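Notes follow once the structure below has been shown.
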Amino acid sequence: MKLSERLGMRVGLNSARMYPMVKPRELKHKKRLNIYPAPPFHFDGTFHKPSHFPATTEDWEPGKFWQTIRLGNKLLGLKIEKGGFAAKPQIRVTVYSGKPIVSTELENIRRELIYRNELDNDLKQFRVLTARDKRFAPIFRRWQGMRNATSDSLYKLLIISVVLQNATVRRSVQMLTALLERYGDRVQFDKREFYAIWLPERMAGVGEDELRALKVGYRAKFIKRLSADMAAGLVDEQKLRGLDTDTIKKELLRLYGVGPETVRILLFEVFHRSDAFIHIAPWQQKIYSRLFYKKKLMPAARIQRDIQKQYGQYAMLAVHYIWEDIFWRRRHEHIPWLEEEIRL
DNA sequence: CATCAGGGCCCTG
DNA sequence: CAGGGCCCTGAT
């Protein structure tokens, strides 16, 4: 299946078609790596987030997940498979690379996967808290062991956040696809094709009008400045991980194009701050109103206060469970009010 | 056809 | 601290 077909919609019509399509680079070296996440563990809930829009940098089937990843200057392909059993869950990782991987790099990949997917966290306190939640206990039980996981680097999620701004999902997908086709790296592994996010330096020589030709609009300036700042090391993802939430927030807000909603996304998904329920966008407000109050529209401040009061340091994580659950259900049952709000 | 707001953010007054 | 403007698109 072609990459653009996988997205299930017409995309990329305006993008790299003007330029010759580059052949995918084959990542033919393989190494295996096993990780044993703290039980309980929910593989599909962790590695697939149905509320996220599809990207050509990854793919999922039940029990399997593929993604590209950049570590240091290496571009890698990962195939991640479900293994083990309930009492001892296992994650089987195949690492694909252009040049052979040495064992220290393999250990870096392990560490990175554990951090990005919270594999060393058994969420015990969270389970205790949610088990006595009268309304949503069934949801928390259904997804028990699901982590707040992300396949994205800080830079990639910054770019995604920028294409999300003031656009409908369809257009966001178009923009990201166009950018990946033009500037991303095309690779092949496990008989599949993917794109990888370009290095931020790649944007240095790119003109704003060249970006605008990909119909990203005023976001061209954001993409340029964000890339320059990231390439210059204005913020360091690895360093930020160890800092307290307020400092991370302050640092991220220095980036041009990062405001309250983007910083919330980054704090939760990239930096795993489970309490980062710090902003509610208007479209989320409508969905939360339905989910939590069965009402059309509740004041955002009220929603935030209620959720924070009930789930405390796990406020954002709890919302994540309920949010992803409704998007999973959407596949099998028609939920009219939801369709109305998300407008693909 | 025209108008409008969208999975925000920056900048101005 | 509120509100206008921003690119482009599909909905009305």
Side-chain angles (χ1 to χ4, degrees), chain A residues 4 7-15 17-18 49-55 148 150 152 156-179 181-182 206-230 234-235 249-270 276-291 296-301 303-304 316 319-320 322-324 326-327 330 335-344:
Chain A
S4 52
L7 301 184
M9 44 183 97
R10 295 180 352 157
V11 291
L13 299 175
N14 46 39
S15 57
R17 298 289 172 265
M18 301 188 277
K49 305 298 183 185
S51 80
H52 293 187
F53 72 72
N148 161 32
T150 181
D152 299 326
K156 186 176 170 217
L157 202 48
L158 278 166
I159 297 296
I160 290 175
S161 303
V162 167
V163 302
L164 279 172
Q165 292 172 11
N166 212 29
T168 48
V169 171
R170 179 185 215 87
R171 196 168 165 236
S172 298
V173 174
Q174 280 180 0
M175 286 189 276
L176 187 66
T177 305
L179 288 164
E181 287 182 353
R182 182 82 179 93
V206 175
E208 199 179 310
D209 29 329
E210 185 183 323
L211 278 173
R212 279 176 177 262
L214 303 181
K215 307 200 173 175
V216 299
Y218 65 89
R219 298 170 193 80
K221 192 165 71 172
F222 290 22
I223 294 169
K224 288 275 306 172
R225 279 183 64 171
L226 270 176
S227 299
D229 285 349
M230 291 301 285
L234 184 68
V235 301
K249 185 177 169 188
K250 209 173 72 205
E251 290 295 304
L252 292 175
L253 286 170
R254 290 166 62 205
L255 293 166
Y256 189 75
V258 174
E261 173 61 7
T262 300
V263 87
R264 181 199 63 80
I265 295 173
L266 297 173
L267 277 178
F268 183 60
E269 295 196 16
V270 177
F277 192 59
I278 55 176
H279 182 256
I280 299 176
W283 73 285
Q284 296 160 346
Q285 182 187 355
K286 294 176 197 161
I287 297 179
Y288 293 156
S289 298
R290 294 278 193 167
L291 287 175
K296 262 212 134 69
L297 200 64
M298 294 291 284
I303 300 174
Q304 200 177 342
M316 193 66 245
V319 171
H320 175 68
I322 297 160
W323 183 264
E324 293 303 327
I326 191 83
F327 278 86
R330 175 171 170 261
I335 308 170
W337 65 263
L338 184 60
E339 296 304 323
E340 206 172 298
E341 301 303 356
I342 54 184
R343 299 176 317 102
L344 294 174

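As the structure is a prediction and not an experimental result, all values here were calculated from the model. Here is the naming used below: chain letters follow the sequence lines, and residue numbers restart at 1 for every chain.
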Revision key, fill the gap. Its dot-bracket string being built from Watson-Crick and G-U pairs below 3.5 Å, with | for another strand and [ ] for crossing, DNA chain C has the pattern ||||||.|||||

Practice item. Return the nearest nucleotide to the side chain of K215(A); candidates are dT9(C), dC6(C), dG7(B). Key: dT9(C)

**Study point:** H320(A) and K49(A): CA distance, side-chain angles, deciding distance, side chain to side chain contact (heavy atoms under 4.5 Å, CB included) verdict
**Key:** CA-CA 10 Å; H320(A) 175 68; K49(A) 305 298 183 185; 3.1 Å; yes

Review point. Separation of I265(A) atom CD1 from dG7(B) atom C1', in whole Å?
Key: 8 Å

Review point. In whole Å, what separates the P atom of dC4(B) from that of dG4(C)?
Key: 13 Å

Check your understanding: Which whole number of Å gives the distance between the P atom of dG5(C) and that of dT3(B)?
Key -> 15 Å

Check your understanding: Taking the inter-plane angle between the rings of Y218(A) and F222(A) on a 0 to 90° scale, is it parallel (under 30°), tilted (30 to 60°) or perpendicular (over 60°)?
Key -> perpendicular

Review point. Using 4.0 Å as the upper bound for N to carboxylate O, is an ion pair formed by R290(A) and E341(A)?
Key: no

Check your understanding: Starting at CD of Q174(A) and ending at P of dG6(B), how long is that distance when rounded to a whole Å?
Key -> 18 Å

Point to revise | Any donor-acceptor pair under 3.5 Å from K224(A) side chain to V206(A) backbone | key: yes

Point to revise | Rounded distance (Å) that lies between atom C1' of dG8(B) and atom CZ of R171(A) | key: 13 Å

Review point. Checking all strands, does T262(A) fall into the base, sugar-phosphate, or nothing category for heavy-atom contacts under 4.0 angstrom?
Key: sugar-phosphate

Review point. Would V235(A) and D229(A) satisfy side chain to side chain contact (heavy atoms under 4.5 Å, CB included), going step by step from the backbone distance to the final call?
Key: CA-CA 8 Å; V235(A) 301; D229(A) 285 349; over 6 Å; no

Practice item. Give one of base, sugar-phosphate or nothing for R212(A), where a contact means two heavy atoms less than 4.0 Å apart. Key: sugar-phosphate

Review point. Does M298(A) offer a backbone N or O that forms a donor-acceptor pair with the side chain of S289(A) under 3.5 Å?
Key: yes

Check your understanding: Taking CG from L158(A) and C1' from dC9(B), how many angstroms apart are they, rounded to a whole number?
Key -> 14 Å

Practice item. By nearest nucleotide on DNA chain B, pick out whichever of Q165(A) and K286(A) is the more 5' one. Key: K286(A)

Check your understanding: What's the CD-C1' distance between Q284(A) and dG8(B), to the nearest Å?
Key -> 11 Å

Check your understanding: Between dG8(B) atom C1' and Y218(A) atom OH, what is the distance in whole Å?
Key -> 6 Å

Check your understanding: Are any non-hydrogen side-chain atoms of H279(A) and V263(A) less than 4.5 angstrom apart?
Key -> no

Review point. To the nearest angstrom, how far is R219(A) atom CZ from dG7(B) atom P?
Key: 11 Å

Check your understanding: Can you tell me how far C1' in dA5(B) sits from the matching atom in dC9(B), rounded to whole Å?
Key -> 16 Å

Practice item. Would you mind telling me which of F268(A), W323(A), Y288(A) makes a ring-ring contact (aromatic ring centres under 6.0 Å, His included) with F277(A)? Key: Y288(A)

Detail all sub-3.5 Å separations between protein N/O atoms and N/O atoms belonging to nucleotides 10-13 of chain B.
| from | atom 1 | to | atom 2 | distance (Å) |
| --- | --- | --- | --- | --- |
| dC10(B) | OP1 | G257(A) | N | 2.8 |
| dC10(B) | O3' | Y256(A) | OH | 3.4 |

**Study point:** Euclidean distance for C1', dT9(C) against dC10(B) (whole angstrom)
**Key:** 22 Å

Check your understanding: Can you tell if the side chain of L255(A) reaches within under 4.5 Å of the side chain of L234(A), non-hydrogen atoms only?
Key -> yes

Review point. Once you round it to whole Å, what is the distance between C1' of dC8(C) and CD1 of I223(A)?
Key: 13 Å

Review point. OG1 of T262(A) to CG of L252(A): how many Å apart, nearest 0.5 Å?
Key: 10.0 Å

